[in-house]
Amino acid sequence: MRGIWRPRRLAASEKGACRELWEEIFVEDSKEFLDYYDRWKYAENECYGIFDGERLVSMMQLNPYEMQIKGAVPVKSRYIIAVATREEYRHRGMMAALLKESLGGMRRQGMPFAFLMPAAEAIYHPFGFRYFYESNVGMLKLCEEDGTKSGTGLSVRSAVPSDIPGLAAFAEEIQPELFDCYTRRDSHYYEMLLCELATEAGGLLLLTEPETVDSGEPGGQREEKTGNHRRIVSAVPYWGVDSVEIREILCRPADKGRVLSALGRWFGDGRAGKRPKQVSVVGAAFELEKKKPVIMGRIADAVSFLELFASDRPMEVFLELSDELLEDNCGIYRWSLSPRGSLAERIAPPEGQLLRAAEALPAGEAAGDGSRKAGDVLCPERIRMTAAELFSCLMGGAEPEGALGKVRRCGKSYINEIV
């Protein structure tokens with residue numbers, strides 16, 4: 001039977017019920033990991049659930065992340081995780097109800113989109129989720145030589161809490177160079193990450209080299225600083241013992257060879273405690289043997305999503321949007337873009353008159369910042385599409401056509417979150 005259940009956001013005092021359901025469904029997770037999750041995530045996340053009487057039978061959790069998109073102002077987003085329903089309550093529409101309620105809450109807060117790591121694409125595709133991040137994956141070649149230097153010029157060591165400010169600064173420096181869309185990493189992010197990795201016998205490796213300064217000599221010669229000044233070249237979180245998984249390698253692509261060499265020697269020499277049988281790599285910031293689709297997303301609030309983007313020239317688009325899950329996103333939008341950003345306005349036409357309303361809209365000359373100047377705007381174009389199609393087009397999935405092809409869309413995303 002469908003439609004009889006009432007999803008709602010749980011109060012802080014009710015979140016304890018989530019652990020019991022988590023332990024029943026996700027049996028692979030250790031007590032140490034769940035203790036970490038209880039301490040760090042429940043303090044700041046949102047939990048939605050469905051109760052049968054006083055028993056929690058289905059849940060969904062939204063963990064907060066700050067996202068950076070195309071150099072715009074950072075925006076709040078939510079990572080959907082722990083989607084679970086007790087076996088005897090499945091196939092009754094509970095997940096759909098939880099998605100609609102939680103995403104509706106995001107829309108009311110003006111959050112542009114949500115993202116998740118699906119157990120299977122087929123589960124979330126009907127709800128408007130589309131892949132937008134592919135992870136570079138491969139296997140690390142292990143060597144037996146000492147990897148602290150070994151001709152790469154890099155030192156390798158495990159990060160400690162005092163390294164956290166430097167890690168945050170490194171991420172803030174390198175991510176905008178390489179990616180259009182990424183999760184922002186501040187000190188709080190790395191504090192949580194170090195604790196999370198420790199629950200699965202892991203850690204975070206810092207690969208560094210001596211900092212250099214201009215010598216002042218002709219020809220631009222460089223010389224090493226004295227003392228302990230070292231520049232971070234790569235940050236590498238990993239976990240596991242016999243079979244190690246490197247969760248990401250954050251570095252500039254130009255440093256790929258020496259980073260992989262240093263890591264191969266560090267793990268191959270058993271400096272993690274013992275020599276692992278194998279080391280897999282996911283989420284490298286450079287190409288490896290193959291790519292694996294990992295993260296799906298979908299629009300929560302259409303207006304704030306549209307306003308993440310800009311165009312090389314001023315232009316105006318009339319967009320007729322449909323969204324089967326979030327009806328409040330449906331309607332006609334006037335979307336004015338310029339190199340400085342964009343403004344989107346939802347126009348609420350009479351029911352059943354969407355097309356007539358679009359045809360009646362004036363072909364104004366909005367410049368994208370509220371000003372108008374005749375002759376400097378591309379001709380308005382009317383487009384009809386679903387929320388899923390719009391997300392895929394602008395976040396680097398499907399190739400856009402027409403006016404959407406002129407939008408500065410996201411081409412490179414980098415999202416390696418587990419929880």
Practice problem: Apply the test salt bridge (Lys or Arg N to Asp or Glu O under 4.0 Å) to residues Arg258 and Glu209: give CA-CA distance (whole Å), side-chain angles for both, the deciding distance (0.1 Å), then the verdict. | Solution: CA-CA 11 Å; Arg258 60 185 186 143; Glu209 66 180 358; 2.9 Å; yes

I'd like to know whether [atom1] of [X] has more than 12 heavy-atom contacts from other residues, nucleotides or ligands below 6.0 angstrom.
| X | atom1 | result |
| --- | --- | --- |
| Glu23 | CD | yes |
| Glu287 | CD | no |
| Glu88 | CD | yes |
| Lys412 | NZ | no |
| Glu24 | CD | yes |

Note: [X]-[Y] ion pair, threshold 4.0 Å (strictly below):
| X | Y | answer |
| --- | --- | --- |
| Arg384 | Glu389 | no |
| Arg408 | Asp312 | yes |
| Asp242 | Lys274 | yes |
| Asp163 | Arg157 | yes |
| Asp301 | Arg346 | no |
| Arg8 | Glu14 | yes |
| Arg39 | Asp35 | no |
| Arg334 | Glu316 | yes |
| Lys76 | Glu46 | no |

How far does [atom1] of [X] sit from [atom2] of [Y], to the nearest 0.5 angstrom?
| X | Y | atom1 | atom2 | answer |
| --- | --- | --- | --- | --- |
| Leu204 | Leu194 | CG | CG | 6.0 Å |
| Leu197 | Tyr36 | CG | OH | 8.5 Å |
| Thr183 | Glu66 | OG1 | CD | 10.5 Å |
| Leu62 | Phe115 | CG | CZ | 10.0 Å |
| Asp255 | Leu260 | CG | CG | 10.5 Å |
| Ile80 | Phe127 | CD1 | CZ | 11.0 Å |

For [X] and [Y], indicate whether the former's side chain and the latter's backbone hold a donor-acceptor pair under 3.5 Å.
| X | Y | answer |
| --- | --- | --- |
| Lys70 | Arg409 | yes |
| Asp323 | Ala387 | no |
| Ser342 | Trp335 | no |
| Ser304 | Gly110 | yes |
| Tyr124 | Ala119 | no |

Measure up the [X] and [Y] rings against each other and bin them: parallel (under 30°), tilted (30 to 60°), perpendicular (over 60°).
| X | Y | result |
| --- | --- | --- |
| Phe309 | Phe305 | perpendicular |
| Phe33 | Trp22 | tilted |
| Tyr189 | Tyr65 | perpendicular |

Exercise. Could you tell me whether the side chains of Asn45 and Tyr79 share a donor-acceptor contact shorter than 3.5 Å?
Key: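 Side-chain D/A pair, Asn45 to Tyr79: absent.
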
Self-check item: Distance-only side-chain donor-acceptor flag, Ser392 / Arg130, under 3.5 Å
Solution: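 There is no such pair between these side chains.
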
Quiz prompt | Worked check of side chain to side chain contact (heavy atoms under 4.5 Å, CB included) between Ser413 and Ile295 | solution = CA-CA 10 Å; Ser413 296; Ile295 298 294; over 6 Å; no

Exercise. Carefully, step by step, assess Phe113 and Met67 under the rule side chain to side chain contact (heavy atoms under 4.5 Å, CB included).
Key: CA-CA 10 Å; Phe113 68 92; Met67 309 296 294; 4.2 Å; yes

Are [X] and [Y] close enough that some pair of their side-chain heavy atoms sits under 4.5 Å apart?
| X | Y | value |
| --- | --- | --- |
| Glu289 | Met139 | yes |
| Gln61 | Lys41 | no |
| Arg107 | Asn329 | yes |
| Leu263 | Leu207 | yes |
| Glu20 | Leu56 | no |
| Cys47 | Tyr42 | yes |
| Pro7 | Met60 | no |
| Leu319 | Leu306 | yes |

Practice problem: Evaluate salt bridge (Lys or Arg N to Asp or Glu O under 4.0 Å) for Glu134 paired with Lys290, printing each intermediate quantity in order. | Solution: CA-CA 10 Å; Glu134 290 184 322; Lys290 60 181 180 178; over 6 Å; no

Quiz item: For the residue pair Phe267 and Tyr238, is the inter-centroid distance of their aromatic rings smaller than 6.0 Å?
Solution: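 Centroid separation for Phe267 and Tyr238: below 6.0 Å.
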
Heavy-atom closest pair, residues [X] and [Y]:
| X | Y | answer |
| --- | --- | --- |
| Leu250 | Ala285 | CA-CB, 4.4 Å |
| Gly268 | Arg275 | O-NE, 2.8 Å |
| Tyr190 | Ala171 | OH-CB, 3.7 Å |
| Ser155 | Arg230 | OG-NH2, 3.2 Å |
| Ile249 | Ser234 | CG2-OG, 3.5 Å |
| Asn416 | Ser135 | OD1-OG, 4.4 Å |

Quiz prompt | For Arg247, the option from Glu417, Glu196, Glu200 that meets salt bridge (Lys or Arg N to Asp or Glu O under 4.0 Å) | solution =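 Considering Glu417, Glu196, Glu200, a salt bridge (Lys or Arg N to Asp or Glu O under 4.0 Å) with Arg247 is found only for Glu196.
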
Quiz prompt | Stepwise side chain to side chain contact (heavy atoms under 4.5 Å, CB included) test for Ser102 and Arg78 | solution = CA-CA 10 Å; Ser102 58; Arg78 294 290 184 265; over 6 Å; no

Exercise. Could you walk me through whether Ser158 and Trp266 pass side chain to side chain contact (heavy atoms under 4.5 Å, CB included), step by step?
Key: CA-CA 11 Å; Ser158 296; Trp266 193 87; 4.3 Å; yes

